[in-house]
Amino acid sequence: MQGEREAAPFRPYPPGTQPAYDVPGYGSTHKRHPQEPLVQLPHTVTESIGPHFSSAHFPPIPDLSLVDGKPALGERIIVHGRITDEDGRPVSNTIVEIWQANASGRYQHPGDQHDAPIDPNFRGEGRVYTDDQGWYRFTSIKPGAYPWRNHHNAWRPNHIHFSFFGSGFAARLITQMYFPGDPLLALDPIFLSIPDQGARNRLVCALDMTVTEPEWALGYRFDVVLRGREATPMES
Amino acid sequence: MPSATSSQTIGPFWHLIEHPEWADLTRFGAAGSKVTLSGSITDGDGNPVTDAAVELWQSDPPSDESFPGFGRCRTDQRGEFRFTTIKPGPVPGRGNAQQAPHFAIALHARGLLKALMTRAYFEGDPLNETDQLLSAVEDPRRRGTLLARPEGKDRWRLDIRLQRGPHGETETVFLDI
Ligand SMILES: [Fe+3]
């Protein structure tokens, strides 16, 4: 399964494009960030290959907006996008995990104490796979903003959580997708933890009328780039 | 081409994608010697981290339909996690070197804006002496944070500290990969 290309190490992340562990504006980092320097580990087979998920063992959940055929409350949306690596190659047949709050900004989770209604018809979890060209797509409900206790009157911008695996464990990525024009973004220490403004703004999806369905749902596009390999192999 | 997409925290509500059976990597009928890896995660105050997603990945035995090679486990109210898997063998390192048997571990939690990466080796394995990563960690106390300890037959334990403790407890070695 793993040829030469699969075993090539991944490139380092460009400076400023990833958040630090210690971010003073985000209080939960205070007691959870490492204080010792990280130990450099040149990639070995353990880092340069990764898990493969089969849809037989991990079945797709492409629609979060229905439970038992009953529609969730809120603004129905279709989210799609393309997953490529830093060299522009599509990341095909890779698993995408999705989770989010409902339209009221409430997670169906015992730890969520926000006084907003649970929606029994909203499924908070999704799971889809990219096609041969790296495209993924799912249907959901636009999540609501919700308060958190980071600082006085703190509210998270509307967001959807995503998890990606790509082709090697060193490319593992968990992130959040935001919505265009959200005024809470400028106040959010989690969004602002990414130093590079251009990289940060790539977490904001775009309204996409090509997937918007008349009388049905607004469409949004969110493209994702996973780490590229260090050595460019001989190809094609 | 744009650089890789930025990481954001998994947050406190990731249990919406939790499937407890993922902590058992042998559930699809994998052949091989079963082991458990359990442990705890504590923060800089020594308090248990009760909302983490602990991910385990091993490049050996090779993953296939009967063995995913990957598992995920929550930490509970005591900060404890537990995996059941197949014991890995040695895998190639850089050059002609062999690496001692190990698991790769990724930690995700509220307060971690990107994953914390570490490894779990097996204390007492003779290949540990020549393993490239273990050899690169000179302080024996720090090196010890990468060694799971036997707790009985086929049961191993690794306690993880995100920061130096209030009484000088050693911070786990985290990796820049
Ligand atoms: Fe959230």
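First the proteins, then the strands, lettered A, B, ... as listed; each starts at 1.
To the nearest 0.5 Å, atom OG of residue Ser7(B) and atom CZ of residue Phe164(A) are 11.0 Å apart. Interatomic distance, Ser63(B) OG to His52(A) NE2, rounded to the nearest 0.5 Å: 8.5 Å. For the atom pair CD1 of Ile177(B) and CZ of Arg172(A), the computed distance is 11.5 Å after rounding to the nearest 0.5 Å. Note that OH of Tyr21(A) and CG of Leu113(B) are 10.0 Å apart. Values are rounded to the nearest 0.5 Å. Here Ile190(A) contributes atom CD1 and Thr9(B) contributes atom OG1; the two are 6.0 Å apart, rounded to the nearest 0.5 Å. Within the model, atoms CZ of Arg200(A) and CD of Gln8(B) stand 10.0 Å from one another, a figure rounded to the nearest 0.5 Å.
Looking at Ile194(A), the atoms closer than 4.5 Å to chain B (heavy atoms on both sides) all sit in the side chain, from C-beta outward. For a residue to count as touching a neighbouring chain, one of its non-hydrogen atoms must lie under 4.5 Å from one of that chain's; by this rule Pro37(A) touches chain B with the backbone only. Residue Phe162(A): no heavy atom, backbone or side chain, is found under 4.5 Å from chain B. Both the backbone and the side chain of Phe169(A) come within contact range of chain B, with heavy atoms under 4.5 Å apart. Proximity to chain B is limited to the backbone of Ala20(A), based on heavy atoms less than 4.5 angstrom apart. In this structure, the portion of His30(A) lying under 4.5 Å from any heavy atom of chain B is its backbone and not its side chain. Contact of Gln35(A) with chain B is made through backbone and side chain together, with heavy-atom distances under 4.5 Å. Contact annotation for His33(A): both backbone and side-chain heavy atoms come within less than 4.5 Å of a heavy atom of chain B. For a residue to count as touching a neighbouring chain, one of its non-hydrogen atoms must lie under 4.5 Å from one of that chain's; by this rule Gln99(B) touches chain A with the side chain only. Residue Ile61(A) does not touch chain B at all, counting heavy-atom pairs closer than 4.5 Å.
Counting only heavy atoms from C-beta outward, the side chains of Glu65(B) and Ser54(A) approach each other to under 4.5 Å. When side chains are defined from C-beta on, Arg202(A) does not count as touching Ser6(B), because their heavy atoms never get closer than 4.5 Å.
Residue-environment remark: CG (Asp45(B)) exceeds the threshold of 12 foreign heavy atoms within 6.0 Å. At most 12 non-hydrogen atoms from other residues, nucleotides or ligands lie less than 6.0 angstrom from CZ of Arg123(A). Heavy-atom contacts from other residues, nucleotides or ligands closer than 6.0 Å to NE2 of His109(A) number more than 12. For Arg82(B), the CZ atom is loosely surrounded, since the number of other residues' heavy atoms within 6.0 Å does not exceed 12.
Here the closest non-hydrogen pair linking Gln18(A) and Ala4(B) is NE2-O, 3.9 Å. Considering all non-hydrogen atoms of both residues, Leu203(A) and Thr5(B) come closest at CD2-CG2, 3.6 Å.
Between Phe53(A) and Phe70(B), the ring centre distance stays below 6.0 Å.
Chain A is approached within less than 4.5 Å, heavy atom to heavy atom, by Arg142(B), Leu162(B), Gln163(B) from residues 142-163 of chain B, ordered by number. Contacts with chain A (heavy atom to heavy atom, under 4.5 Å) involve these residues of residues 102-110 of chain B, listed by number: His102(B), Ala104(B), Ala106(B), His108(B), Ala109(B), Arg110(B). Within residues 11-22 of chain B, the residues approaching chain A closer than 4.5 Å by heavy atoms are, in numerical order, Pro12(B), Phe13(B), Trp14(B), His15(B), Leu16(B), Ile17(B), His19(B), Trp22(B).
A donor-acceptor pair shorter than 3.5 Å can be found between the side chains of Thr46(A) and Ser59(B).
Asp51(B) and Arg32(A) are joined by a salt bridge, as a carboxylate oxygen and a charged side-chain nitrogen come within less than 4.0 angstrom of each other.
Counting heavy-atom pairs closer than 4.5 Å to chain B, the top residue among Asp22(A), Thr84(A), Leu173(A), Leu41(A) is Leu41(A). Ranked by heavy-atom pairs under 4.5 Å with chain A, the list Met1(B), Lys114(B), Arg119(B) is led by Lys114(B). The residue among Val91(B), Leu133(B), Ile10(B), Asp43(B) with the most heavy atom pairs within less than 4.5 Å of chain A is Ile10(B).
Remark: Pro14(A) engages Thr17(A), Glu86(A), Ser3(B) in a side chain to side chain contact (heavy atoms under 4.5 Å, CB included) (not counting sequence neighbours).
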